[in-house]
There are 2 protein chains.
Amino acid sequence: MKLSERKLKILQAIITDYIETAEPVGSRTLSRKYDLGVSAATIRNEMAELEEDGYLKQLHTSSGRVPSDKAYRLYVDQLMESRILAKIQREALRESLMQKFHEVQNLLKHSAEYLSEITDYTSIAMAEKNKENRIKHLQLVPVDEERILVVLIMDTGLVKNTLLRIGENLDPRELQKISNLLNHHLQGMEILQVSQLVIENIQRELYEYRRAIELILMHLQEVVKEVEQIDVFFSGTTNIFNFPEFNDIVKARSFLAMLEEKELIKNLLTLPDKEGLRISIGRENLYDIAQECSLVTTTYKIDNRTIGHLSVIGPTRMDYTKVVSIMLQLNKQLNDLLRDNY
Amino acid sequence: MKLSERKLKILQAIITDYIETAEPVGSRTLSRKYDLGVSAATIRNEMAELEEDGYLKQLHTSSGRVPSDKAYRLYVDQLMESRILAKIQREALRESLMQKFHEVQNLLKHSAEYLSEITDYTSIAMAEKNKENRIKHLQLVPVDEERILVVLIMDTGLVKNTLLRIGENLDPRELQKISNLLNHHLQGMEILQVSQLVIENIQRELYEYRRAIELILMHLQEVVKEVEQIDVFFSGTTNIFNFPEFNDIVKARSFLAMLEEKELIKNLLTLPDKEGLRISIGRENLYDIAQECSLVTTTYKIDNRTIGHLSVIGPTRMDYTKVVSIMLQLNKQLNDLLRDNY
DNA sequence: ATTAGCACTCAATTAAAGTGAGTGCTAATA
DNA sequence: TATTAGCACTCACTTTAATTGAGTGCTAAT
């Protein structure tokens, strides 16, 4: 049941026009605006068939047609032609990213800002906080008589600090000793594996500091809880107001409310992983409120472990061509950066 | 030009009613709903005079009246009676805060979440990133062969990490040596004071590591730039949709757009400092877009230096009584926590 | 000084009429 | 047989008019 060349051409024109105008498109407009080589009547007949096949929808009997999710799917899979970013833009991007890569979190955050600014849609950065984070290094830093700073470095590049009030007065050398011991035992472990048993083993080895060690490890557990929280960052949330389909207070509100549901956002961004770039269109998204939106999502990895996601979200009528080409570029740049630095 | 007892009573009733309903209030409603002991006609006369004095506004000749900013000002300064939070609520709050106080940033963030949830308005947490941050401690942590982590602890409790790729292969002992030297020179300094001269002095003392030292200090300067960025966090932004006065897409949009203007938000929260709790009402705010809003703001300090602000923002018709009493409670709890821990 | 009564105002709601883009069908045409 | 012009019909949207009702200001009575 393949579509004829002509049907594809008409469908493409409809989608292009609708992406641009957000207005249902009729046969007359189409024949005037695009050079399709056939009359409005012919287009009308083709449109009727396209509607039968589920590619177009009519809001009411005498309105123009609007592309369905199925049409967008066809569009992104077959019709869309990828544009290339101007080289100069690419280099500006690289510049701007280079300055921000101190932390993975920041890198994603700034990428999101870049994305929303250049696409005019809303973008989402999510740092994946998977439990398989392994401890790479742990350092105790003396702050003053009463307190120490526990610095935890994970192999994914994640760094966590905890300011800790410790009963005893430990001098730097003692701290270093504890640090070394903890590192020896904990390096390479997932933090959830640090069981009571492990703690006791460590305590046995440095019995005189058992209280401090317990305090530290207890706190690490708490830090883990925080780490497991989802870390989501948005940019350009108010861009949604630019789109007529959200130009009604109820729609805009539910869109913004959706963004506040971090669990939901997480599920939207972390669907079973198709490689590279994933596009989910309208009702393909399982959540009610997301069904009038499309997402273009890329996933970032270090050593084959996922560290985060970037996503552009907008109306189903989004400019897929633009968004996809921008995200592909960004993806390439980011992966280069990650490979070089982590 | 003081208002009579009766006028005050009527004004109070009008404000209370308008806070509750968001509808212009008329003389009849007023006399029926509140026990003012006079007839609607009398109230009408009083209202006319209150309007002359600028406490009330009429949207059109035959509408009820709405309180002006001047009325709200009178209300918060004189009429408002502070409620006390139930003790049980207080203790739940303390519990919830205690678990989050690892970092100043987190403390403010969680407080904001608490505020927006319990008030149903939007809340803002802003960490003041003033340049007078002094270096308390600096620690170099080895990560792997190629990279070190620079941990910077400021006396305000702010902690900053920078992952740094360093050319040379430094063993932990060498790193410690550099750490010590840097601490010796830098402790107590504002980071902007770390001039080229200081850097050169340090380099002279540990000439063999001059390259590493330069790298580290260069990076610190960059970190400072980040630190100087304003760090603003919002909670409950979509609560604004609950209020009929923002139930129009243009208003809602400009409110949300305002929140994205960090500089503006900063200026709103950091007005010349009245002690404790500050209420700015409507046109008292200098920015156009904020003129239909009121803010209740508290400022937090450690050792007399401002570390952050918390604010509740909503329509001028906000429930000042509720917001103020909640913020006073929170203020007390937070100050206790800060005093005990930093 | 207070209040009841009444004519008047004006936003908001409802109802009706008019407009126009777009469709489906049919018959003519290439 | 595929395409197109023509035409009657549909239906959301806009415009205009009529209706409603909460609220006011003024006046005269209490």
Side-chain angles (χ1 to χ4, degrees), chain A residues 3-11 13-15 17-18 20-68 71 244-245 247-249 251, chain B residues 3-11 13-15 17-18 20-68 71 244-245 247-249 251:
Chain A
L3 296 178
S4 71
E5 198 61 36
R6 192 168 71 184
K7 277 207 182 67
L8 284 177
K9 220 164 136 190
I10 291 174
L11 188 57
I14 294 173
I15 294 176
D17 199 71
Y18 188 69
E20 186 192 329
T21 65
E23 296 292 335
V25 5
S27 54
R28 178 110 48 118
T29 332
L30 217 47
S31 79
R32 261 201 305 254
K33 202 161 159 189
Y34 300 86
D35 188 25
L36 295 169
V38 287
S39 77
T42 311
I43 294 175
R44 223 150 36 229
N45 291 332
E46 296 284 48
M47 282 167 91
E49 288 179 36
L50 282 167
E51 180 166 3
E52 255 177 42
D53 292 349
Y55 291 102
L56 296 177
K57 280 183 298 191
Q58 234 177 343
L59 305 179
H60 53 90
T61 50
S62 69
S63 82
R65 261 104 171 181
V66 162
S68 68
E245 44 269 74
N247 222 323
D248 119 53
I249 203 88
K251 292 266 176 63
Chain B
L3 296 178
S4 72
E5 199 60 38
R6 191 169 70 184
K7 276 210 183 64
L8 284 178
K9 222 165 132 190
I10 290 174
L11 189 56
I14 294 173
I15 295 176
D17 200 72
Y18 187 69
E20 187 192 325
T21 65
E23 295 292 333
V25 7
S27 56
R28 178 111 47 117
T29 331
L30 218 48
S31 79
R32 261 201 305 251
K33 201 160 161 189
Y34 299 87
D35 188 25
L36 295 168
V38 289
S39 77
T42 312
I43 294 175
R44 222 146 42 226
N45 292 331
E46 296 285 47
M47 281 168 89
E49 287 177 37
L50 281 168
E51 179 165 1
E52 254 176 40
D53 291 348
Y55 291 102
L56 296 179
K57 280 181 300 190
Q58 234 176 344
L59 305 180
H60 53 90
T61 49
S62 68
S63 82
R65 261 104 170 179
V66 161
S68 69
E245 45 270 73
N247 221 321
D248 120 52
I249 203 88
K251 291 265 175 66

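On a predicted model such as this, the values are computed, not experimentally measured, just so you know. In what follows, every heavy atom counts, from backbone to side chain, and hydrogens, waters and symmetry copies are set aside. The chains referred to below are lettered A, B, ... by the order of the sequence lines, with proteins before strands, and numbering in each begins at 1.
With rounding to whole Å, B:K57 atom NZ is found 16 Å from D:dT24 atom P. Protein atom CG of B:D17 is 14 Å distant from nucleotide atom C1' of D:dA22, rounded to whole Å. We find that NE2 of B:H60 is positioned 5 Å from C1' of C:dA11, with the value rounded to whole Å. When the P atom of D:dG21 is taken as reference, atom CD of B:E23 falls 16 Å away, rounded to whole Å. Following rounding to the nearest Å, A:R6 (CZ) and D:dT3 (P) show an atom-to-atom distance of 4 Å. What separates CG of B:L36 from P of C:dT3 is a distance of 11 Å, to the nearest Å. Distance, B:L56 CG to D:dG25 C1': 16 Å, rounded to whole Å. Look at CD on A:E52: it is 15 Å from P on C:dT23, rounded to the nearest Å.
The side chain of A:A48 lies closest to C:dG24 when the candidates are C:dG24, D:dG25, D:dC11. The listed nucleotides are D:dT4, C:dA21, D:dT24; the one nearest the side chain of A:S62 is C:dA21. Distance from the side chain of B:R44 is smallest to C:dG5 among C:dT23, D:dT4, C:dG5. The side chain of B:M47 lies closest to D:dT24, out of C:dC10, D:dA12, D:dT24.
Within the structure, a side-chain polar atom (N or O) of B:T29 is placed less than 4.0 Å from OP1 or OP2 of D:dG23. Between B:T61 and the phosphate of D:dG25, there is no side-chain N or O to OP1/OP2 separation shorter than 4.0 Å. The phosphate of D:dG25 (OP1 or OP2) has a side-chain N or O of B:R65 nearer than 4.0 angstrom. Taking only side-chain nitrogens and oxygens, B:T42 comes nearer than 4.0 Å to OP1 or OP2 of C:dT3.
Pairing of D:dT16, defined by two Watson-Crick or G-U wobble distances under 3.5 Å, is identified with C:dA15. Under the Watson-Crick or G-U wobble criterion, with both distances below 3.5 Å, D:dT27 is paired with C:dA4.
If you find the closest nucleotide of DNA chain D to B:R28 and to A:G37, the one lying nearer the 5' end belongs to A:G37. Residue-to-nucleotide proximity on DNA chain C shows that, of B:L59 and B:S39, the 5′-proximal contact is made by B:S39. The 5' end of DNA chain D is approached more closely, in terms of each residue's nearest nucleotide, by B:G64 than by the other of B:N45 and B:G64.
Distance check: A:I43 CD1 to A:K9 NZ gives 10.0 Å after rounding to the nearest 0.5 Å. From A:L50, atom CG reaches atom CG of A:L8 across 8.5 Å, with rounding to the nearest 0.5 Å.
Across all their heavy atoms, B:I14 and B:P67 have their closest contact at CG2-CG, 4.3 Å. Across every non-hydrogen atom of A:A71 and A:L11, the tightest pair is CB-CD1, 4.2 Å.
Checking side-chain atoms of B:Q58 against main-chain N and O of B:R65 turns up no donor-acceptor pair under 3.5 Å. A side-chain donor-acceptor contact under 3.5 Å links B:S68 to the backbone of B:G54.
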